[in-house]
Amino acid sequence: MAGEYICEFVCDSFSGIQISKEAQASPMASINDIGIDLGTSQVLIYMKGSGIMLREPAVVAVDRDTRNILAIGEEADKMVGRTPRNIMVISPLRNGAIMDYELVSLMLREFVTRVTGKRYFARPRAVMCVPTGVNETEKRSLISTMYDVGMRRTQMISRPLAAALGAGLPIDEAYGTMIVDISAGVSDIGVLSVGKVMVQDCAKVGGDSFNDAIIRHVRRKHNLHIGERTAEELKITIGSAIPRTEQVYMDVTGRNMITGLPKTMRIYGNDITEAIDEPLQQLIESIHGVLEHTPAELAADIFEYGILLSGGGAQMFGLCEAIADALKVPCSCAEDPQNNVVVGCGRVLENMHELGRYLEDGRRR
């Protein structure tokens, strides 16, 4: 305890000392700056000069009785559906919002420490992108957590801007571009022009919505209860937003709702297409709503240049075609969509002088 107190005292004492220009220009002064995509299903951390250093599930295993943390990230994810009653495996972020702030703070602290280590003198900067449903009070609390971990300063960036930067969109140009970032909990829809988010909406539809729809459909049609992980595998392996020309299938094992016994059943791709139709239509309606509220000149640009899909949910087979067919607007998927947001945070870090204006408080340091 005494050692920790001395370290904190020394840090506070040095905080008022001016650093020379040579030290500020040194690569080591900012080499540990990090960008964080605090997503609903995954947390990704980008380190300046090194690229993506961490990708972990946003999952925490907790003892029900003592509230002790048993595992975080990949280790906790392996425990999903395989734990005794006294152990809860929790996703502390759900539907684009923080469900348990204490667990989110502990999880974030663990992940950042893994990447940067404990720092008292060379305190790095962080650029963070959080789900849209996180309110201002929770953002300030997360920034405080980051300071406790060792960050000198933490700034936020909006999700559509980060995704657009990561996808390489020319957002400074004077024409409208639309990006739809489909994460696990929600889908962020933004129309960008001259470096600003002109119109924005958050649809309560994401990858988890598709998984839930698949679970309900398989239970209703086949009397088979499957878990979230199996539903995710079905979505990735044979899922499609449009009917496939070829017949694809996957054998899954679940619990028979009539006998209560394990049962293996063959599920076909058309079943998944039918299952996800409702959340898909909700997503299309949300995109349509944003287009309706977009100024005419920007809307004309979007109809010409199209919509770009980002996020893990954008990789679903046929999703671009389904959206393009429904809205009569060209639609394409970004390259490496899962990493767009964290790469966008990283690009701001790599070029803070030019891109720092995209941060929410607009200040550069």
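This is a predicted model, so every value here is computed, not measured.
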Answer yes or no: is there a side-chain heavy-atom contact under 4.5 Å between V89 and R82?
no
Kindly indicate, with the supporting measurements, whether the criterion side chain to side chain contact (heavy atoms under 4.5 Å, CB included) is fulfilled by M107 and L93.
CA-CA 11 Å; M107 179 179 68; L93 295 110; 3.8 Å; yes
With the 4.5 Å side-chain cut-off for hydrophobic clustering, are M53 and I72 part of the same group?
yes
side-chain contact (heavy atoms from CB on, under 4.5 Å) with Y268: which residues, sequence neighbours excluded?
Q247, Y249, R266
Between CE of M257 and CZ of R255, what distance do you get to the nearest 0.5 Å?
6.0 Å
Between the CD1 atom in I215 and the OG1 atom in T230, the distance rounded to the nearest 0.5 Å is 8.5 Å
Report yes if some heavy atom in the side chain of L142 is under 4.5 Å from a heavy atom in the side chain of Y101; otherwise report no.
yes
Are I307 and L169 connected, step by step, through hydrophobic side chains (Ile, Leu, Val, Met, Phe, Trp, Tyr) whose heavy atoms are closer than 4.5 Å?
no
Partner set under salt bridge (charged side-chain N to carboxylate O under 4.0 Å, His left out) for E274, not counting sequence neighbours:
K221
Could you pull out all donor-acceptor pairs under 3.5 Å where a side-chain atom in residues 54-64 meets a protein atom, sequence neighbours excluded?
from: R55; atom 1: NH1; to: N339; atom 2: OD1; distance (Å): 2.9
from: R55; atom 1: NH2; to: N339; atom 2: OD1; distance (Å): 2.9
from: E56; atom 1: OE1; to: E74; atom 2: N; distance (Å): 2.7
from: E56; atom 1: OE2; to: R114; atom 2: NH1; distance (Å): 3.2
from: D63; atom 1: OD1; to: D65; atom 2: N; distance (Å): 2.8
from: D63; atom 1: OD1; to: T66; atom 2: N; distance (Å): 3.2
from: R64; atom 1: NE; to: R85; atom 2: O; distance (Å): 2.5

Using side-chain heavy atoms (C-beta onward) and a distance below 4.5 Å, is I143 in contact with M128?
no
Between F317 and I267, is there a shared hydrophobic cluster once you connect ILVMFWY residues whose side-chain heavy atoms come closer than 4.5 Å?
no
Is E75 salt-bridged to K78, cutoff N-O under 4.0 Å?
yes
Evaluate the criterion side chain to side chain contact (heavy atoms under 4.5 Å, CB included) for residue pair L309 and M316; output intermediate values, then yes/no.
CA-CA 11 Å; L309 302 186; M316 181 185 294; over 6 Å; no
Could you tell me whether Q282 atom CD has more than 12 heavy atoms of other residues or ligands within 6.0 Å of it?
yes
Can S183 and T40 be counted as having a side-chain donor-acceptor contact under 3.5 angstrom?
no
Indicate yes or no: at least one non-hydrogen side-chain atom of T177 is less than 4.5 angstrom from one of L308.
no
Output the distance between atom SG (C129) and atom CG (N340), rounded to the nearest 0.5 Å.
11.0 Å
Nearest 0.5 Å, please: how far is OG in S286 from CG in L291?
11.0 Å
Let me check something: do L224 and I238 share a hydrophobic cluster, defined by ILVMFWY side-chain heavy atoms less than 4.5 Å apart, either directly or through other members?
yes
Cation-pi, Y147 ring and R123 (6.0 angstrom, 45 degrees):
yes
With a 4.0 Å cut-off, would you call K139 and E136 a salt bridge?
yes
Considering residues, nucleotides and ligands other than E228, do more than 12 of their heavy atoms fall under 6.0 Å from its CD?
no
Would I34 end up clustered with V104 when hydrophobic side chains under 4.5 Å apart are linked, directly or stepwise?
yes
Can you measure from OG (S141) to CD (E102) and round to the nearest 0.5 angstrom?
12.5 Å
Which atom pairs, donor and acceptor, lie under 3.5 Å between side-chain atoms of residues 184-205 and protein residues at least two apart or in another chain?
from: S187; atom 1: OG; to: V205; atom 2: O; distance (Å): 2.6
from: D188; atom 1: OD1; to: T132; atom 2: OG1; distance (Å): 2.1
from: D188; atom 1: OD2; to: T132; atom 2: OG1; distance (Å): 3.1

Measure the spacing between CZ of R159 and CG of D181 and express it to the nearest 0.5 Å.
5.0 Å
Under the side-chain contact (heavy atoms from CB on, under 4.5 Å) test, which residues partner T245, sequence neighbours left out?
none
Residues which pass salt bridge (charged side-chain N to carboxylate O under 4.0 Å, His left out) with E246, listed by chain and number, not counting sequence neighbours
R244
Does any part of the side chain of I276, heavy atoms only, come nearer than 4.5 Å to the side chain of I214, both counted from C-beta?
yes
I36 versus F111: any side-chain heavy-atom pair under 4.5 Å?
no
